[in-house]
Amino acid sequence: MPELPEVETVRRGLLGLIGKEILAVELNRTNLRFPFPEDMDSIAGRKILSVDRRAKYLLIRLENDLTLLSHLGMTGRFGYDLEGKHDHVIIDFVDGSRLVYTDPRRFGIMDLIHGGDDHKLLNHLGPEPLDSGWSGSQLYQSLRGRNVSIKSALLDQKIVVGIGNIYASEILFRAGVSPKRLAKNVSKKKAEEIYNQTQIVLLTAIEAGGSTLRDGQFKQIDGNLGYFPHEFAAYDREGENCVSVECANTIKRVVQSGRSTFFCSHCQR
DNA sequence: ATGAACACCTGACTGC
DNA sequence: TGCAGTCAGGTGTTCA
Ligand SMILES: [Zn+2]
């Protein structure tokens with residue numbers, strides 16, 4: 001679930017841990033999606049200096065050039081309280097507080113980076129959608145010649161990072177572009193509109209604290225929910241009325257590359 | 001090189 | 001109640 005707005009929301013929550021010194025780390029199993037690093041214990045004795053985000057990855061900066069890299073997968077979350085059998089990592093702080101990583105499906109990742117940001121998983125990522133370096137014309141260039149649907153292209157983290165299955169549907173609805181349109185057939189003008197709506201959707205979702213779906217899996221660090229689902233125009237609205245006042249259609253669901261896409265065939269061309 | 005399918009794993013929900 | 005089938009925020013790997 002965690003797409004850019006959710007990960008960014010978690011990042012902002014983790015900023016409250018800056019200055020805390022790690023006492024110990026408890027691993028309740030040997031791996032998540034990949035094995036934990038052998039030297040995970042080496043985070044003990046270090047203070048948290050800052051918390052950054054790259055794509056859907058969290059980068060927890062520790063003293064002496066060590067970075068704790070974390071990806072939440074589909075169901076990963078950080079919290080202060082023990083939740084139960086899916087608590088896989090517990091970080092205890094010297095001040096007596098703790099941080100718990102819970103992840104039922106275990107698609108998450110935790111690893112250490114020594115020195116800079118040189119990590120296999122970070123090295124081939126595309127541009128950040130909210131950075132000034134990205135633009136509608138750059139998106140247009142990335143889409144040229146691509147024989148995939150625009151929906152699949154927005155999910156491709158080499159084209160742009162951070163957009164996942166929820167926000168891809170929301171962005172395309174607001175941009176008025178059919179998710180089935182081939183990327184190579186998106187006009188310059190429409191690419192600009194997709195860029196504009198990407199900014200609006202992601203920033204609005206961050207302000208809302210992300211999206212907590214009906215299963216309630218995603219929570220902010222402090223346990224609060226993410227309220228962006230109130231703004232959903234397309235995602236998970238199959239059969240419901242299109243939000244456009246001039247439109248009598250209902251939202252349809254199709255499967256693209258194995259993933260659900262929600263859209264209005266009248267409003268999106 | 002590109003794009004689709006598969007794999008990883010648990011839990012919630014639906015229909016019989 | 002139980003059981004089989006479907007679906008879920010992601011992404012590295014495999015296959016055509
Ligand atoms: Zn419509």
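Note that these values count all heavy atoms, side chains included, but never hydrogens, waters or copies made by symmetry.
- In this structure, Arg259(A) reaches the bases: a heavy-atom distance under 4.0 Å links it to at least one base atom across the strands shown.
- Counting any heavy atom pair closer than 4.0 Å across all strands shown, Ile109(A) reaches no nucleic acid atom.
- In this structure, CG of Asp111(A) is placed 16 Å from C1' of dT11(C), rounded to the nearest angstrom.
- Within 6.0 Å of atom NZ in Lys20(A), more than 12 heavy atoms from other residues, nucleotides or ligands are found, so the atom counts as buried in its surroundings.
- Proximity of Ile22(A) to Asp92(A): side-chain heavy atoms (C-beta onward) are nowhere separated by under 4.5 Å.
- Taking the six-membered ring wherever Trp is involved, the centroid distance between the rings of Phe262(A) and Phe173(A) does not fall below 6.0 Å.
- Remark: dA4(C) base-pairs with dT14(B). Criterion, Watson-Crick or G-U wobble with two distances under 3.5 Å.
- Atom pair Lys151(A):NZ and dG3(B):C1' shows a separation of 15 Å (rounding to whole Å applied).
- For Arg214(A) and Ser149(A), each mapped to the nucleotide of DNA chain B holding its nearest heavy atom, the one lying further toward the 5' end belongs to Ser149(A).
- Rounded to a whole Å, the CG atom of Leu122(A) is 14 Å from the C1' atom of dG12(C).
- Atom CZ of Arg77(A) and atom P of dA8(C) are 20 Å apart (whole Å).
- In this structure, Ser260(A) reaches the sugar-phosphate backbone alone: every heavy-atom distance under 4.0 Å involves primed, P, OP1 or OP2 atoms, never a base.
- One finds a salt bridge joining Arg53(A) and Glu128(A) here, because a Lys/Arg side-chain nitrogen approaches an Asp/Glu carboxylate oxygen to under 4.0 Å.
- Using a 4.0 Å cut-off between a side-chain N of Lys or Arg and a carboxylate O of Asp or Glu, Arg12(A) and Glu8(A) qualify as a salt bridge.
- Residue Phe228(A) is out of contact with every strand shown, counting any heavy-atom pair closer than 4.0 Å.
- Contact annotation for Gly258(A): no contact, since no heavy-atom pair falls under 4.0 Å across all strands.
- Both thresholds, 5.5 Å between centres and 30° between ring planes, are met by Phe107(A) relative to the base of dC8(B), so the two rings are stacked.
- Side chain Arg33(A) to base dT11(C): a donor-acceptor pair is found below 3.5 Å.
- On the P atoms, dC3(C) is 23 Å away from dC9(B), given to the nearest whole Å.
- The interatomic distance linking Leu121(A) (CG) with dT11(C) (P) rounds to 10 Å, in whole Å.
- Regarding His71(A), its NE2 atom lies at a distance of 4 Å from the P atom of dT11(C), rounded to whole Å.
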Between N or O atoms, less than 3.5 Å apart, protein on one side and nucleotides 10-12 of chain B on the other: list the pairs.
unit_1  : atom_1 : unit_2    : atom_2 : d
dT10(B) : OP1    : Arg106(A) : NH1    : 3.2
dT10(B) : O3'    : His86(A)  : NE2    : 3.2
dG11(B) : OP1    : Lys85(A)  : NZ     : 3.1
dG11(B) : OP1    : His86(A)  : NE2    : 2.7

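- The Tyr57(A) side chain lies nearest to dG12(C) when the options are dG10(C), dC7(C), dG12(C).
- Atom C1' of dT11(C) sits at a distance of 23 Å from the matching atom of dA12(B), rounded to the whole Å.
- Which of dG3(B), dG10(C), dT11(C) sits closest to the side chain of Asn147(A) comes down to dG3(B).
- Closest heavy-atom contact between Pro229(A) and Ser211(A): CD-CA, 3.5 Å.
- Atom NE2 of His124(A) and atom P of dT2(B) are 14 Å apart (whole Å).
- In this structure, Asn28(A) places its CG atom 17 Å from C1' of dC9(B), rounding to the nearest Å.
- At least one donor-acceptor pair closer than 3.5 Å links the side chain of Asp103(A) to the backbone N or O of Gly108(A).
- No more than 12 heavy-atom neighbours from other residues, nucleotides or ligands sit within 6.0 angstrom of NZ on Lys180(A).
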